Structures are given as C-alpha cells and as structure tokens.
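The structure under discussion appears below in the form of structure tokens.
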Amino acid sequence: MRHRKRKKAAAQTMAMAIVVVAALAILMVLVFSRVFIVRDIMVVGNRNLLREEVITQSGIAVGDNLLGISSSRLKARLEQNRYIEYLGYGFDYKGTLTLRINERLGMAVVNVLGLYYVMDEKGMVLECAGSAYPDNVAGPKVTGLKIDGNSRIVVGELIPVQDKGQLEEMERVIGMLEETSLLARTSQLDVQNLDNLYVMTADGAKIELGDDSDLRTKLLIAREVLTIREAEGELKGAKIDVSNGKNAHYIPAVLPTITPVPTATPTIEPSATPA
C-alpha cells in the first residue's frame with residue numbers, strides 16, 4: 001500500500017515538474033519574442049537611394065520578429081537591386097534594426113564593341129548606356145581591360161575580364177583618385193599594363209604612375225604639379241611622370257626652342273704695310 005502511495009506521489013511530482021517547465025518555456029518564448037520585435041529600422045550606407053526604398057527592398061517591416069529574419073535572405077532580397085551591396089545588420093536593445101549597405105555608384109565607363117557600360121569601382125556593371133557616352137558617371141573611362149570574348153556582359157554582374165588583377169587595380173586607383181580629390185578631373189584610366197598604369201586628365205595631361213606602389217604619394221605629387229602648371233596654361237599634351245614615387249618629371253607638349261645666342265664677328269686688324 002505504501003509503495004503505491006509513494007509511486008502515486010512521485011508521478012504527481014513529475015507531472016507538476018513538467019507543467020512548471022512547460023510554463024517557464026512558454027514564458028521564455030513570450031519574453032524573447034517581445035525582446036526581438038523590430039520597433040524601428042535604420043539604413044546606413046545609402047547616398048542616392050531613399051531609406052524607404054531600401055527598407056521596402058529588404059521586405060522587413062516594423063513589428064516583425066528578428067528571430068525570423070535570415071541574413072542570407074536579407075542579402076538576396078536587397079541585392080536584387082544591383083545598386084545595393086548588403087554588408088550586414090545590427091540590432092540594439094531598443095528594438096532598432098540597422099541595415100548596413102554599400103550603395104554602388106557609377107564610377108567608371110568601359111567601351112566594348114561600340115557600347116558603353118557603366119560600372120562601380122569594383123567592376124560591377126550597373127547599366128548599358130548604348131552608343132552614347134554616359135554623362136552621369138563620377139569617374140573615368142577605363143581602357144586596357146582584357147575582356148573575355150567567350151562571356152556576355154550582363155548588367156548586375158562583374159565585367160568579364162581575363163585578368164582579375166586589372167579590376168583590383170582599377171578599384172585601387174579609382175579609390176585613391178577620389179581620396180586625393182583628383183577623380184573629378186580624370187578622364188581616362190589605363191590598366192592594360194599593371195606596371196605602367198596611367199591616367200589622363202580632362203585638361204589633356206598624362207600622369208604616368210608606373211606600378212601601384214606609393215600610389216597616394218604619386219597622386220599628391222601629380223596634383224601639385226597640375227595646380228602649378230594649370231595657372232600657366234601648359235597642361236594639354238603634357239606628361240607628368242611620378243612613377244618613382246619621390247618627385248615629378250614634367251615634360252611639356254612642346255619643348256622650348258633654344259634660340260642661339262648671337263656672337264660677335266671677330267674683327268681682323270689689317271696687316272701693317274712694310275716700309
């Protein structure tokens with residue numbers, strides 16, 4: 001009899017424990033579901049895109065539960081817009097979800113078979129401008145890219161090149177041109193030979209960079225030369241060689257003509273007449 005009572009008491013205790021654990025689990029779920037509710041959404045990294053555009057593209061709304069948000073799904077949704085590069089998200093104790101993006105901008109132009117393509121600095125093709133040169137690009141026309149002839153150029157994908165190193169150099173030079181405030185006055189960037197990079201300015205001057213070592217220093221030296229020579233109106237057709245990374249060798253389009261200095265004709269004294 002006592003054994004039955006003990007067994008019954010143990011069963012009741014176990015049942016009570018299960019009820020308590022279940023209640024705590026439900027409570028925890030309710031608490032956490034409230035903690036992870038999205039109460040506000042911020043966007044970081046947009047420049048031309050409106051905050052509302054990015055939020056709509058993400059598919060997230062105020063009131064959503066963060067636990068149901070997948071980073072990979074966010075990336076897929078946002079990058080359906082080719083001007084958005086998804087970098088990640090953050091969430092704070094106030095319920096603010098922060099979407100971190102990089103807005104791709106037209107920073108370079110390439111001409112392939114008579115068509116102009118607008119790219120960001122990494123080589124992502126943003127649009128095909130047709131046969132007319134686009135006027136909404138912040139950076140230069142890029143020449144010397146070795147395009148893979150077996151691949152199609154697709155908007156929303158990287159420009160298909162044979163040498164990925166060319167795209168890396170393009171990104172590096174464009175970024176440094178922007179940092180040194182030279183991007184706006186650069187009309188062409190040539191990356192055909194990575195050891196002999198050069199840019200052309202809108203003034204018609206050629207800046208010979210050599211390889212990408214000391215790139216920032218080289219561009220700052222070139223910028224100083226441009227400032228000085230611009231005032232003298234001597235830039236068109238000139239060359240500024242900064243490839244050594246220490247100083248500039250300036251070669252004007254037309255070398256000055258050396259005018260010979262006239263010399264006096266020696267006077268020959270008449271010989272004396274013998275007596």
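Quick caveat, the model's predicted, so the values are computed rather than measured.
Inspection of the T217 and D214 side chains reveals no N or O donor paired with an N or O acceptor under 3.5 Å.
Looking at E103, its side chain does come within 3.5 Å of a backbone N or O of N48 through a donor-acceptor pair.
Atom CD of E157 sits about 8.5 Å away from atom CZ of R152, to the nearest 0.5 Å. Between N196 atom CG and D211 atom CG the span is 8.5 Å, to the nearest 0.5 Å. With values rounded to the nearest 0.5 angstrom, R104 atom CZ is found 11.5 Å from L49 atom CG.
Using a 4.0 Å cut-off between charged side-chain N and carboxylate O, K206 and D190 make no salt bridge. D163 and K146 are not joined by a salt bridge, as no carboxylate oxygen comes within less than 4.0 angstrom of a charged side-chain nitrogen.
Cation-pi geometry between R100 and Y89 is not met: the NZ or CZ atom fails to fall both under 6.0 Å from the ring centre and inside 45° of the normal.
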query: side chain to side chain donor-acceptor pair (under 3.5 Å) between S58 and Y86: does it pass, once the steps are laid out?
result: CA-CA 10 Å; S58 73; Y86 172 72; over 6 Å; no

query: Do I37 and L66 pass the side chain to side chain contact (heavy atoms under 4.5 Å, CB included) test, and can you show the C-alpha distance, the side-chain angles, and the key distance before you say yes or no?
result: CA-CA 6 Å; I37 291 296; L66 183 66; over 6 Å; no

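Proximity of N46 to L50: side-chain heavy atoms (C-beta onward) are nowhere separated by under 4.5 Å.
At a threshold of 4.5 Å between side-chain heavy atoms, the hydrophobic network of Ile, Leu, Val, Met, Phe, Trp and Tyr places L113 and V109 in two separate groups.
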